[in-house]
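Order of the sequence lines fixes the chain letters, A, B, ..., with proteins taken first and strands second; residue numbering starts at 1 for each chain.
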Amino acid sequence: MNRLIKRYKMQYHFNEIEAKWQKYWAENQTFKASNTSEKPKYYVLDMFPYPSGAGLHVGHPLGYIASDIYARYKRHKGFNVLHPQGYDSFGLPAEQYAIQTGQHPAVTTETNIKTYRRQLDQIGFSFDWSREVRTSSPEYYKWTQWIFIQLFESWYNNESNKAEEISSLITVFASEGNANVNAVCDDNIEVFTAEAWSNFNQKEQEEILLKYRLTYLAETEVNWCPALGTVLANDEIVNGVSERGGHPVLRKKMTQWSMRISAYAERLLQGLDTIDWTDSLKESQRNWIGKSVGASVTFKVIASETKQSANYENQVIEVFTTRPDTIFGVSFMTLAPEHELVSQITTPEQKAEVDAYILATAKRSERDRMADVKTISGAFTGAYAEHPFSKEPIPIWIGDYVLAGYGTGAVMSVPCGDQRDYDFAKHFNIAIPNIFEGVDISEEAYAAKDNVKIANSDFLNGMNYKKASKRAIYDLEQLGQGEGKTNYRLRDAVFSRQRYWGEPFPVYYVNGMPQMIDKAHLPITLPEVEKYLPTETGEPPLGRADVWAWDTVNNKVVANVNLSAVEGEDNGIYPLELNTMPGWAGSSWYFFSYMEEKAKRGEDFASEDALNYWENVDLYIGGSEHATGHLLYSRFWTKFLKDKAFVGVEEPFKKLINQGMILGTSAIAFNITNVRVSKLKEPYKVDNDKIHVSIESLNYGRDTKVNVIVSKEILFESTNIKSSVNSSAISELHHDPSKQNKLFNEILNTLNLEEEIKSDLLEGKAVLTYYINPIRIDVNLVNASDEVDVEKFKSHKTSKDYLKALFISEENETFIVGREVEKMSKRWLNVVNPDAICEQYGADSLRLYEMFLGPLEQAKPWNTAGITGVHGFLKKLWKLYVGENGLNVNDAAATKDNLKTLHKTIKKVEEDIENFSFNTSVSTFMIAVNELTAQKCTSKEVLEPLLALVSPYAPHIAEELYSQLGNEGSIATVAFPKFDASHLVESSKNYPISFNGKMRFTIELPMDLSKDEIEKAVMTNEKTIAQLEGRTPKKVIVVPGKIVNIVG
RNA sequence: GCUCAAGUGGCGGAAUUGGUAGACGCGUCGGAUUCAAAAUCCGAUUCUUCGGAGUGCGGGUUCGAUUCCCGCCUUGAGUACCA
């Protein structure tokens, strides 16, 4: 009995060990970061999760494990590490759940967070939970509201190139008007004098200031769905109706808050050069910002020679061009079919054609119009524009290759310099004037800017691109028909949402003008509502709140009944804003909040000391889907906060790594339905594995209700399907009666056919026909060899449709599924939950396996099959330290081989972590343990440092073994072992001997031989002589320490 | 269409500045142990006509190419014909 207990104690009981150390870490606050330290700082951050009701699946922790390894590694390397975690807990799913169930989103969010926390804790992350942040907690969103107010109180000064207090702008307005103000602001602001400013009433002044503020109210076009009472994103709309429910959607103007992110376009672009992000990510931000330098040019619309119409007067078309140097090459204008001028300038003769074209365009998606470059289409409006210099008439066309959403929605078309314009001109027989000296444009346009001189262009003749552009802009300015312009695609970001579960705005309205609530009264907390839907009058859910008015006398939120009912009467109580902030508000600055200890987040969102100490995030890991949303907005807010001296850094994230998606491996079985027997007109023919039949009569009378589920191999053998059936394929198959195999026989038996029909079938006078329909089987019912536990499947909750189905297994009675890699989702029954893995194999196995799957940044399929490999490794590791009779580790001197293995491992693991190549480290550990086991190593001198190497990857087992070696406390801050190259020095080398570059055999030679000595030794070797078969080599290449290559 | 990735055994994937392709793990096969199973351990495992061939395809540079260059093909992700 004692022996059994002892034996039990000596085994690797991961569940006990992991629970023990997780408790230890929590109780001892092992990973609590300090804001004062002698050590250098290092800030490792994950993109915080949205706590959904579904909980974590194995895809979520991938990035967390990687960042945790890095954080733990940095602690071993002597850094003061900040590695916090929190929740992005405002969001749509909680709200939708609330709409369905009436449960308060705060309640479901709290429940979900508990689940997430439990799941995260069981994986053993070294998070400093004392600094947790939740975007939906009032203590946190107080500061989100405060930042919003700061944006409202700021304008962007182009002279100083930063955001400044709005008061400085008011001072300028009062002293000299706005004529000399160089600000980022709305278009079309009227110039006023100081005197005019002081004569404006308060409301007029506020209206003007709003055009300058960094957050402002503006009319924005949105996709309004009246039936759902909400605004939809572009991809929520399919064919003009809502994806959910298919309700009509209309474009509607709404007054919404916007963020003047365009003010920061240039700095957001330039800042990319200073940060260590992947090129592809930087590139997508560059594309999103979309800078192009060129000119804006105004063309007057004129009547053509004969058609005179009043409509044309004073109409102009504004275009933006990056090639003002080619202005004399313009031979037509192209407007987007949606351009507002189209209806006004189209001549009666062209109206029918233009209308038809607009209608046709409206049916095409933007993606469609974009991807299809082969189909050239367009219509002539009948109207003309006047060339600004030559005064020649230029025909105005519409074409769907011009998009309304970009720039002005109009193009000056230069066919000789732009391939799309060229193709369009060719197609519609429009002139293609050549304005390039010595360039042949008979086949295609010449789009290059360099090494070409402009010709046939009046005063631009002989100039290059740069000079001609400059001159053209100068002359356009003289005419008042253009100016040099830098265009950014980046548009101001809409900041209002018609939702409940988001940050309320700290805003109330007096005479329709927004007023900010003073910082002292923040946070303005979410009011209670009885339903989370929009109001019947189309107001956002906050319109349902009864207590949602601002009392400016007592500075508190009061009941709506107190609002002045009578026009003109003012009791100091005003309506509050009904919109809430978008999801990205809270996530645009949370990384600064972590820098301060929770207890000290009162007076400021973080103290100056804390912000100065931690500066910015050293390493940020998250998904690439945030490339142009979160990662751009965070950079914007950081730059703004820097301008206002609230933080000290220009960029939030120094280094950024995207983890790849983990895909699911679906299990696919084949469902056979609609089984019929059909009489044939003439005998079937089989040709190239295809069965040709001519059916005389469908069925022998009836449709059978047989439902057959077939194992993969049986199906492939029995039918002409040769490889995997596409997951969505449904195909009708005629069964080849000559193949009287298991599938055929089993179906036949269940059909209970009359003898006559049966014999017809067997004689080939009739044919068996059925549909094959791939169905998914929950991956948790399938083992590593793709075998399904059929009995379990029949009783599983996902199988109710197949209760009466006939299962046809392989000859050996196993049931095999096909595999298909697709996105991991509930819908495909391929979700693997980390809980089950932690329970069965332990957190250390999960951590190692997620890393072992492949390179962090690549998308990869999850297949539980391989987890036994890493789990086996952990068991071997354990056995290396703990034998059946107790600890195997002693003070024995390390052998040369022991040290070689250890230092080889130190070197590789350190390199791997620095390069974020975690998958290769796991292999390295396996090799090290295999080698040390073979060497029967028991030396503490070797085995203790090995634990520090393993600790970032598999922290629980490392802690346990470290303590079993007699150490006190945690391994977490033990120094990372120092690599000593002297242990890897070899005295001989096993030289690969190649013939014409192909390795044939190896020869062991001392390392200190000279080139000639190596050549001699190799050439006199009998294997070489045998390989040469008497030939004399032309050349012998010797690279000492590397290779010998014999040519000839 | 454009941009960015990526194509290596049955599978996930290794391979330093160009120098032994397929490390490590899974799976499979064979063996040991066991009454049996689990667990564990050992061995084999790119293909091959046994000469060789081979890293998506076709060229090139080189003594030597998974790696560098040119041209293509396929897959994935993003996308906004950016004028």
Which nucleotide in the list B:C63, B:A83, B:G52 gets nearest to the side chain of A:S292? B:A83
Rounded to the nearest Å, what distance is computed from the CD atom of residue A:E857 to the P atom of nucleotide B:C4? 17 Å
Kindly label the base of B:G13 as syn or anti, based on whether its glycosidic torsion lies within 90° of 0. anti
Check every strand shown and say whether A:T321 touches a base, only sugar-phosphate, or nothing at a heavy-atom separation below 4.0 Å. sugar-phosphate
Could you go step by step and tell me if A:K904 and A:T924 meet the side chain to side chain contact (heavy atoms under 4.5 Å, CB included) rule? CA-CA 9 Å; A:K904 200 171 69 177; A:T924 305; over 6 Å; no
In residues 906-920 of chain A, what residues come within less than 4.0 Å of RNA chain B, judged by heavy atoms? A:N919, A:T920
For RNA chain B, please output the secondary structure as dot-bracket, reading 5' to 3'. Pairs are Watson-Crick or G-U wobble, both atom distances under 3.5 Å; mark crossing pairs with [ ], other-strand partners with |, unpaired with a dot. (((((((..(((......[....)))((((((.......))))))((....))..(((((..]....))))))))))))....
B:G51, syn or anti by chi within 90 degrees of zero: syn
In whole angstrom, give me the gap between the P atoms of B:U66 and B:U61. 16 Å
Would A:D492 and A:S262 count as having a side-chain donor-acceptor pair, cut-off 3.5 Å? yes
Protein N or O to nucleotides 39-45 of chain B N or O, pairs below 3.5 Å:
from, atom 1, to, atom 2, distance (Å)
B:U40, OP1, A:K875, NZ, 3.3

A:R1000 meets the salt bridge (charged side-chain N to carboxylate O under 4.0 Å, His left out) criterion, sequence neighbours left out, with none
I'd like to know whether the aromatic ring centres of A:H871 and A:Y849 sit less than 6.0 Å apart in this structure. no
Look at all strands and tell whether A:T868 reaches a base, only sugar-phosphate, or nothing, counting heavy atoms closer than 4.0 Å. sugar-phosphate
Check whether the ring centres of A:F332 and A:F424 lie less than 6.0 Å apart, and answer yes or no. yes
Given atom OH of A:Y849 and atom C1' of B:G27, what is their separation to the nearest angstrom? 11 Å
List for me each residue that meets salt bridge (charged side-chain N to carboxylate O under 4.0 Å, His left out) alongside A:E483, sequence neighbours excluded, and say none if there are none. none
Quick check: on RNA chain B, is the nucleotide nearest A:K1035 upstream (toward 5') of the one nearest A:T1002, or the reverse? Name the residue that is more 5'. A:T1002
Taking the C1' atom in each of B:G27 and B:A77, what is the distance between them to the nearest angstrom? 30 Å
Value in whole Å for how far the C1' atom of B:A21 lies from CD1 of A:I1043: 12 Å
Assign each of A:I289 and A:A859 the nucleotide of RNA chain B bearing its closest heavy atom; nearer the 5' end lies the nucleotide of A:A859
Gap between atoms CD and C1', on A:E283 and B:A5 respectively (whole Å): 13 Å
Taking B:A5 as the reference, what is the distance to B:G56 when you measure between their C1' atoms (whole Å, please)? 15 Å
A:I927 has a side chain; which of B:A23, B:A53, B:A83 sits nearest to it? B:A23
Is it the case that B:U17 (base atoms only) and A:K1042 (side chain only) share a donor and an acceptor within less than 3.5 Å, ignoring hydrogens and angles? yes
How far, in whole Å, is B:G9 from B:U48 if one measures between their P atoms? 14 Å
Here the distance between atom P of B:G78 and atom CD of A:Q285, to the nearest Å, is 16 Å
Taking atom C1' in both B:U17 and B:G22, compute the distance separating them and give it to the nearest angstrom. 22 Å
For atom CH2 of A:W288 and atom C1' of B:G78, their distance in whole Å: 10 Å
Just to verify, what does A:D1012 make a side-chain contact (heavy atoms from CB on, under 4.5 Å) with, not counting sequence neighbours? A:S1010
Can you identify which nucleotide, out of B:A53, B:C63, B:U20, has its nearest atom closest to the A:I1037 side chain? B:C63
A:M926 side-chain proximity, nearest of B:G25, B:G13, B:U20: B:G25
For A:D418 and B:A83, give me the distance from atom CG to atom C1', rounded to whole Å. 6 Å
Nearest-Å distance for atom pair CZ/C1', residues A:F299 and B:A83: 12 Å
B:U55 to B:A38 separation - P atoms, rounded to the nearest Å: 40 Å
